[in-house]
K.L.:
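First, the structure itself, so that you have it in front of you.
Since we're looking at a predicted model, the values are computed, not measured.
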Amino acid sequence: MTNYGRRPTFNLHSTPYDPPAPTLAPVPLSAPNVAPVVADGDDDGPNSSLLPPSTANGSGNGRPARNSRAVVQAELAETISIMRDNIQSLSARGERLESLESRTENLVVAARGFRKSSNKVRNAMWWKDMKMRLIIALAVSVVVGLTILSIVQAVRHKNNQKIEQKQSNVQAKVAPQVPVAVATPAPRSPDIT
């Protein structure tokens with residue numbers, strides 16, 4: 001936990017997460033005996049009667065003791081320096097938050113751009129894969145079609161040969177084999193004219 005220049009406070013019953021105890025008691029601004037502290041150290045000035053009466057020396061004569069005034073001025077100076085440090089750290093924190101916010105916005109824009117480009121790449125790769133699958137499917141179907149066509153033609157040709165053989169066998173069985181006499185041509189007689 002950052003101390004920011006505050007005096008350490010020791011509390012036996014506090015935990016590390018408790019806020020630090022205040023070092024100065026708050027003074028209400030509307031108190032009738034409170035007046036601004038004079039910075040020059042002169043207690044006879046025009047504002048000296050506005051300071052609270054001192055009870056440190058027990059005199060109660062309305063004049064503050066120099067020790068208590070110096071203590072109050074030291075505590076006031078310390079409080080002012082602490083407040084300045086707090087304001088500076090707060091402004092630095094604000095700048096860091098603004099920087100973080102702008103980086104976050106840039107990251108969101110970059111993420112959207114990445115999502116769009118990744119979707120485009122994914123779609124392009126899907127189409128490329130689909131084209132390849134279609135080409136492979138077409139090539140396989142052509143090969144299978146040609147194979148089936150050649151098998152069908154081979155079977156038809158074989159069946160046609162069997163049918164022709166059967167028909168020739170049937171004709172051979174139906175028509176008895178008759179010896180065919182070879183006709184010899186008759187001798188020619190000489191022509192007399």
K.L.:
Can I get a per-line list of side-chain donor-acceptor pairs under 3.5 Å for residues 105-116, giving both atom names and the distance, sequence neighbours left out?
P.N.:
| unit_1 | atom_1 | unit_2 | atom_2 | d |
| --- | --- | --- | --- | --- |
| N106 | ND2 | S102 | O | 3.4 |

K.L.:
How long is the gap from OG on S99 to CD on E101, to the nearest 0.5 Å?
P.N.:
10.0 Å
K.L.:
Enter the distance from N119:CG to R122:CZ here, rounded to the nearest 0.5 Å.
P.N.:
4.5 Å
K.L.:
Rounded to the nearest 0.5 Å, how far apart are CD1 of I163 and NZ of K158?
P.N.:
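Rounded to the nearest 0.5 Å, the CD1-NZ separation comes to 13.5 Å.
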K.L.:
Would you compute the distance between atom CE of M132 and atom CH2 of W127 and round it to the nearest 0.5 angstrom?
P.N.:
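Here the rounded value is 15.0 Å.
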K.L.:
I82 and side chain to side chain contact (heavy atoms under 4.5 Å, CB included): which single residue from T79, N86, I80 fits?
P.N.:
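For I82, the side chain to side chain contact (heavy atoms under 4.5 Å, CB included) test succeeds with only one of T79, N86, I80, which is N86.
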K.L.:
To the closest 0.5 Å, what do you measure between OG (S141) and CD1 (I136)?
P.N.:
12.0 Å
K.L.:
How many angstroms lie between CD in E98 and OG in S91, if you round to the nearest 0.5 Å?
P.N.:
10.0 Å
K.L.:
For residues 143-153, tabulate all N or O donor-acceptor pairs below 3.5 Å that involve a side-chain atom, not counting sequence neighbours.
P.N.:
| unit_1 | atom_1 | unit_2 | atom_2 | d |
| --- | --- | --- | --- | --- |
| T147 | OG1 | V143 | O | 2.7 |
| S150 | OG | L146 | O | 3.3 |
| S150 | OG | T147 | O | 2.8 |

